[in-house]
**Q** 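The structure that follows is given in the form of structure tokens.
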Amino acid sequence: MAAQLILVLFGAMIAYQVASLIVLGRGDVIHPVSRRHVIAQAVDMWRLAGAQLQAVPGAAQASQVLAALDRPGTHVRVAAASDIEPHQALPGEEANLHASLLARTGLAADAVRVRFEPAEGDDQEARLAISMRLADGHWMNSAQQPMTKFPWWRSNRFSLPMTTLLVLALGFAFVHGTLRAIRKLARVAERVGRGEQVAPLPLSGPRETRELTASFDAMRQRLARHIEDQAQLIGTITHDLRTLIATLRLRAELVDDADLRTAMQRTLVDMEQMVEQSLRMASDEAHAEATTETDLAGLLRDIAAEQGALGQDVRLHATAPASVPYRCRPLGLRRALTNLVENAVRYGSRARIGIEHARAEAGGGAVLRIVIDDDGPGIAPAQLDNVFKPFFRLDRAVGGTGLGLTIARSCVEAHGGSLQLHNRGGSGLRAVALLPAS
Ligand SMILES: Nc1ncnc2c1ncn2[C@@H]1O[C@H](COP(=O)(O)OP(=O)(O)OP(=O)(O)O)[C@@H](O)[C@H]1O
Ligand SMILES: [Mg+2]
């Protein structure tokens, strides 16, 4: 955008110069003040020559008298013939002078001849020759150096580069300053999109940028408040449910039928787990964790070691990088990845974990790709979306509360990433988490 604006400014400067060249800067036109002067001078010299010839006939004597008027660039003589060839259609400036001279002297059109030669170079003067017939048939031949309007390049030799440079420099500084504020806002918007906690932005730059920043901040605060309210609501409900479950448990103890009592107690344990998980999820969202630089490869190694200690077959691929520094909320991400690994060992007997830098599909940016494979039966394609729904379980007899994948996806998405499940052609399930590379 900066480059485009500079280009527009530059274009405007050039357009202005071209316009002034057309309107003002014509070196082939005599300056109005000088025009009046050369006409008056020519008419005076013509009158003087006429008077001199009347007093003392003879071109030579008249020329001698008129020579007294010579000045550098100005010259007048009387001769039997005109210095200028007769001419008919006169071009612009010459026609103007011709008409003015006729009006001032009352001479016939063919008794006045004008030749104007514009200055050729920077250092040359324009030249004007005027011939006017005298009463006795002699001609007054004069040469003058009128002042022309400045050729545009003469007056702009200094001002053109100076104004161009100044306008471009000031324009660049202004555009750069404005865009810097917008770029900063875009970076913060991206971080907010990833669920990071960010401090309110300082208001700087022009009014429009300040307004944009202020409304962005207001939106961010409203969003945070909304999430907090929701989480608080879930928290309150689940908290009350916990109390009710505890009461029910006590009452279940009083049931005489042993089978019914056991069944009721099992259901209550399930309910308790559900409530605990929901409470944890709600509190996670309400008290958003701070974003810190974390080694993701190390984090995955930790999870594998933990599961190994529990007797599970969980391993990180040997090809995984030794360390993968990443800015994230480590506790949330750890819980999400642990959920995926636990699923792999619970439903697919073992977990193989991979982590690599990759490119997102469809021309996206750089991503971190975390893959968790298992050896289980996979998930029927029709259920691949459903398993992300809260409390959804394929088999009610096994498994936990059905919140693991919901929490995992919500956490990965809060980091600006995505979580997907794929069947590996009958040889197990693959969970793929893509996180935007920071
Ligand atoms: N790797 C897998 N292979 C086969 N089925 C799976 C796998 N992972 C999840 N599932 C199915 O998806 C369901 C939902 O998984 P999710 O992790 O959300 O809940 P859960 O494991 O049942 O309980 P929680 O994780 O909350 O303790 C599981 O109950 C299971 O039926
Ligand atoms: Mg699970």
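Not measured: the values here are computed from a predicted model. Hydrogens, waters and symmetry mates are skipped; everything else that's a heavy atom, side chains included, is used. Counting starts at 1 for both ligands and their atoms, in listed order.
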**Q** Considering the heavy atoms of R346, write down every atom of ligand 1 situated less than 4.0 Å from one of them.
**A**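 Atoms satisfying the 4.0 Å criterion: 20 (P), 21 (O), 23 (O), 27 (O).
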**Q** Which ligand 1 atoms, with their elements, are less than 4.0 angstrom from a heavy-atom of G378?
**A**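 Contacts of ligand 1 toward G378, numbered from 1: 4 (C).
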**Q** Please report whether ligand 1 has a polar contact with L403, defined as an N or O pair separated by less than 3.5 Å (distance criterion only).
**A**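 The answer is yes, given that L403 and ligand 1 share an N or O pair closer than 3.5 Å.
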**Q** Charged N to carboxylate O under 4.0 angstrom, E253 versus R249?
**A**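 Salt bridge flag = no for R249 with E253.
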**Q** Which bit of E342 is near ligand 1, meaning a heavy atom under 4.0 Å away: side chain, backbone, both or neither?
**A**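 E342 to ligand 1: no contact under 4.0 Å from either part.
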**Q** I'd like to know if R242 and E276 make a salt bridge, using a cut-off of under 4.0 Å between side-chain N and carboxylate O.
**A**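 Salt bridge: yes.
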**Q** Can you tell whether the side chains of R352 and D313 come within less than 4.0 Å, N to carboxylate O?
**A**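 A salt bridge links R352 with D313.
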**Q** Tell me whether T406 has any N or O atom under 3.5 angstrom from an N or O of ligand 1.
**A**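 Not met; the criterion fails.
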**Q** Looking only at atom types and distance, does a side-chain atom of D374 sit under 3.5 Å from a main-chain N or O of L429, one as donor and one as acceptor?
**A**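 Yes: the side chain of D374 pairs with the backbone of L429.
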**Q** Identify, for atom 18 (O) of ligand 1, the protein heavy atom at the shortest distance, and state residue, atom and that distance.
**A**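 Result: L405 N, 2.8 Å.
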**Q** Does any N or O in the side chain of T291 come within less than 3.5 Å of the main-chain N or O of R329, such that one atom is a donor and the other an acceptor?
**A**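 Not at all, since once roles are kept as given, no pair shorter than 3.5 Å links the two residues.
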**Q** Mind counting the protein N, O or S atoms sitting less than 2.8 Å from the Mg ion (ligand 2)?
**A**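 Protein N, O or S neighbours of the Mg ion (ligand 2) under 2.8 Å, waters not counted, come to 1.
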**Q** Any Lys/Arg nitrogen of R334 or E306 sitting under 4.0 Å from an Asp/Glu carboxylate oxygen of the other?
**A**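 Yes, R334 and E306 are salt-bridged.
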**Q** Flag R393 as yes when one of its N or O atoms lies below 3.5 Å from any N or O atom of ligand 1, and as no otherwise.
**A**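 No; the residue has no nitrogen or oxygen that sits under 3.5 Å from a nitrogen or oxygen of the ligand.
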**Q** From E272 CD over to L279 CG, what is the distance, rounded to the nearest 0.5 angstrom?
**A**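 One finds 11.5 Å between CD of E272 and CG of L279.
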**Q** Donor-acceptor pair, distance only, cut-off 3.5 Å: does the side chain of S427 make one with the backbone of R424?
**A**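 The answer is yes, because a donor-acceptor pair under 3.5 Å joins these two groups.
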**Q** Looking only at heavy atoms, which two atoms of V188 and V198 are closest? And how far apart?
**A**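 V188 and V198 have their closest heavy atoms at CG1-CG2, 3.9 Å.
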**Q** What part of L429, side chain, backbone, both or neither, has a heavy atom within less than 4.0 angstrom of ligand 1?
**A**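 Under 4.0 Å from ligand 1, L429 contributes side-chain atoms alone.
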**Q** Just to confirm my output: which protein heavy-atom neighbour is closest to atom 12 (O) of ligand 1, and how far is it?
**A**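 The closest heavy atom on the protein side is V387 CG1, 3.2 Å.
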**Q** Which residue holds the protein heavy atom closest to atom 30 (C) of ligand 1, what is that atom called, and what is the gap in Å?
**A**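 For atom 30 (C) of ligand 1, the nearest protein heavy atom comes out as Y347 CZ, 3.6 Å.
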**Q** Quick test: of every protein heavy atom, which one is nearest to atom 23 (O) of ligand 1, and how far off is it to 0.1 Å?
**A**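 Among all protein heavy atoms, the one nearest atom 23 (O) of ligand 1 is G402 N, 3.0 Å.
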**Q** Compare every heavy atom of A297 with every heavy atom of A322, then report the nearest pair and how far apart it is.
**A**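 Closest approach of A322 to A297, heavy atoms only: O-CB, 3.8 Å.
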**Q** Mind checking what makes side chain to side chain donor-acceptor pair (under 3.5 Å) contact with R266, not counting sequence neighbours?
**A**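 Partners of R266 by the side chain to side chain donor-acceptor pair (under 3.5 Å) criterion come out as none, since no residue qualifies.
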**Q** At a 4.0 Å threshold, what atoms of ligand 1 neighbour a non-hydrogen atom of F392?
**A**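 Within the 4.0 Å cut-off of F392, ligand 1 contributes 13 (C), 14 (C).
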**Q** Would you call E125 and R127 a salt bridge, using N to O less than 4.0 angstrom?
**A**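 No.
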**Q** For ligand 1, is Q383 a contact, meaning one of its heavy atoms is under 4.0 Å away?
**A**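 Outside the 4.0 Å threshold, so no.
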**Q** Any nitrogen or oxygen of G404 lying under 3.5 Å from a nitrogen or oxygen in ligand 1? Just yes or no.
**A**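 Looking only at distances, the answer is yes, because the N/O contact criterion of under 3.5 Å is met.
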**Q** Going by the side chain to side chain contact (heavy atoms under 4.5 Å, CB included) test, name the single residue among I370, T338, L296 that passes it with L333.
**A**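 One option only clears the test, and that one is L296.
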**Q** If you have a sec, work out which protein heavy atom is nearest atom 17 (O) of ligand 1 and how many Å separate them, to one decimal?
**A**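 Result: N343 ND2, 2.8 Å.
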**Q** If only atom types and distance count, is the side chain of H415 paired as donor or acceptor with the main-chain N or O of C411 below 3.5 Å?
**A**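 Checking the backbone N and O of C411 against the side chain of H415, a donor-acceptor pair under 3.5 Å is found.
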**Q** Using a 4.0 Å heavy-atom cut-off, which part of I379 comes near ligand 1: side chain, backbone, both, or neither?
**A**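 For I379, only side-chain atoms sit under 4.0 Å from ligand 1.
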**Q** Can you name the atoms of ligand 1, numbered from 1 with element, that are less than 4.0 Å from a heavy atom of D374?
**A**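 Per the distance check, 1 (N), 2 (C), 3 (N).
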